[in-house]
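Throughout, protein chains are lettered first and strands after them, A, B, ... in sequence-line order, and every chain is numbered starting at 1.
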Protein chains: 2
Amino acid sequence: MCAEVTEFARALKDAGLRVTQQRMTVMSILMDAQDHPNADELLSRTRAVDDSISLATVYRTLSVLEEAGLIQKLALENEPARYEITPTAEHDHIVDVETGEVIEISNEEINRLRRAMVEELGYEIVSQHTLIRARKVK
Amino acid sequence: MCAEVTEFARALKDAGLRVTQQRMTVMSILMDAQDHPNADELLSRTRAVDDSISLATVYRTLSVLEEAGLIQKLALENEPARYEITPTAEHDHIVDVETGEVIEISNEEINRLRRAMVEELGYEIVSQHTLIRARKVK
DNA sequence: AACAGTAATGAGAATGATTATCATCTTATT
DNA sequence: AATAAGATGATAATCATTCTCATTACTGTT
């Protein structure tokens, strides 16, 4: 993890942001997360490492990291936003409507088609995301 | 509009819901809307017709109509949800990051690809939506 | 058309996620 | 180490949305 942490500190500096304990903690927790935690979940996980961290700082850190492009916010319909490290490959999500589980999917063909369609309308994509609510077929 | 209104009243009954002034008003406003209004905007537009309608009822009506499948909720990142009449053809949205304008797009090829991908994972789609944030190319 | 039963409404309180405030503490720079 | 600008913790404030509850309005039945 050491290399990644250094890398992350550099990314913060490049964005003109200070490298703080709290930001490093939140980021490392998010790096280790296999799921897509929300702010509350991040608070409790970070508190296992540093019990002084506040909810306000978690939110502030998340929004600062998002602006810097280091993480991505996942706005869901009826629950708090979830976060993930900005993935190397652009991808979308399936939310299992029964369990709430989030599954990552990606399809280059779809991305290409979307990009072409948006370009035809005279736009350039800033960000895009597909959210599919689905249920397991028995 | 008369035929549509009758049709809508039937849809409410079919869903086991009462046909009320407020529901009819909200629905007709939404039918006439060329944009994708949020709850507040719907409140002020409905009040031009019936100034007794309350914000709570707008929200209740919206959620009831959504459950009945008559309208669709559009969850955006950092602003209140927007609503639209359930479109005959499944479609997605581009949000212009500069103006906030919402543009509808659709592409059957993409829909097909998505459905196939989700099926392969053993899921069936309940609903799906793509939100693209984009800026106009100058 | 009046009735009864029950769902829907209006007004405002309550909730829950997120953001703002401000005094204090840290980081980066000299 | 000293400084100045930024970041933090604690908590208050905000904003969208939901809930509560007394009152009102649909709907099916006489």
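For DNA chain D, the span of nucleotides reached by chain A at under 4.0 Å from its heavy atoms goes, 5' to 3', from D:dA5 to D:dT11.
Taking side-chain N and O atoms only, A:Tyr59 has no distance below 4.0 Å to OP1 or OP2 of C:dT19.
Residues satisfying the ring-ring contact (aromatic ring centres under 6.0 Å, His included) criterion with B:His93, sequence neighbours excluded, are B:His36, B:His91, B:His129. Partners of A:Val64 according to the side chain to side chain contact (heavy atoms under 4.5 Å, CB included) rule, which considers only residues two or more places apart in sequence or in another chain, are A:Leu17, A:Arg23. Partners of A:Glu101 by salt bridge (charged side-chain N to carboxylate O under 4.0 Å, His left out), not counting sequence neighbours: none found. Every residue two or more places apart in sequence or in another chain was checked for a salt bridge (charged side-chain N to carboxylate O under 4.0 Å, His left out) with A:Arg18, and none qualifies. Among residues two or more places apart in sequence or in another chain, the salt bridge (charged side-chain N to carboxylate O under 4.0 Å, His left out) test is passed with A:Arg133 by none. With sequence neighbours excluded, the residues that form a side chain to side chain contact (heavy atoms under 4.5 Å, CB included) with B:Arg112 are B:Glu108, B:Glu109.
Sequence neighbours left out, the pairs with a member in residues 60-76 of chain A that pass side-chain hydrogen bond (donor to acceptor under 3.5 Å, both in side chains) are A:Thr57-A:Arg60, A:Lys73-B:Asn78. Annotation: salt bridge (charged side-chain N to carboxylate O under 4.0 Å, His left out) contacts involving residues 80-89 of chain B, sequence neighbours excluded, comprise B:Glu41-B:Arg82, B:Glu79-B:Arg82.
Comment: A:Glu90 engages A:Arg115 in a salt bridge, judged by a side-chain N to carboxylate O separation of less than 4.0 angstrom.
When heavy atoms are screened at a 4.0 angstrom cut-off, B:Arg23 is found touching the sugar-phosphate backbone but no base atom.
A straight line from CG of A:Leu76 to P of C:dA17 spans 13 Å, rounded to a whole angstrom.
Mapping B:Asn38 and A:Gly16 onto DNA chain D via the closest heavy atom, the residue that lands nearer the 5' end is A:Gly16.
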Report, as a single string ordered 5' to 3', how protein heavy atoms within less than 4.0 Å touch nucleotides 24-30 of chain C: B base, S sugar-phosphate only, - not at all.
--BBS--
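Annotation: proximity of residues 40-58 of chain B to DNA chain D (heavy atom, distance under 4.0 Å) is found for B:Leu55, B:Ala56, numbered in ascending order.
The end-to-end axis angle of the helix from C:dA1-D:dT30 to C:dT30-D:dA1, rounded to 10 degrees and based on five pairs per end, is 40°.
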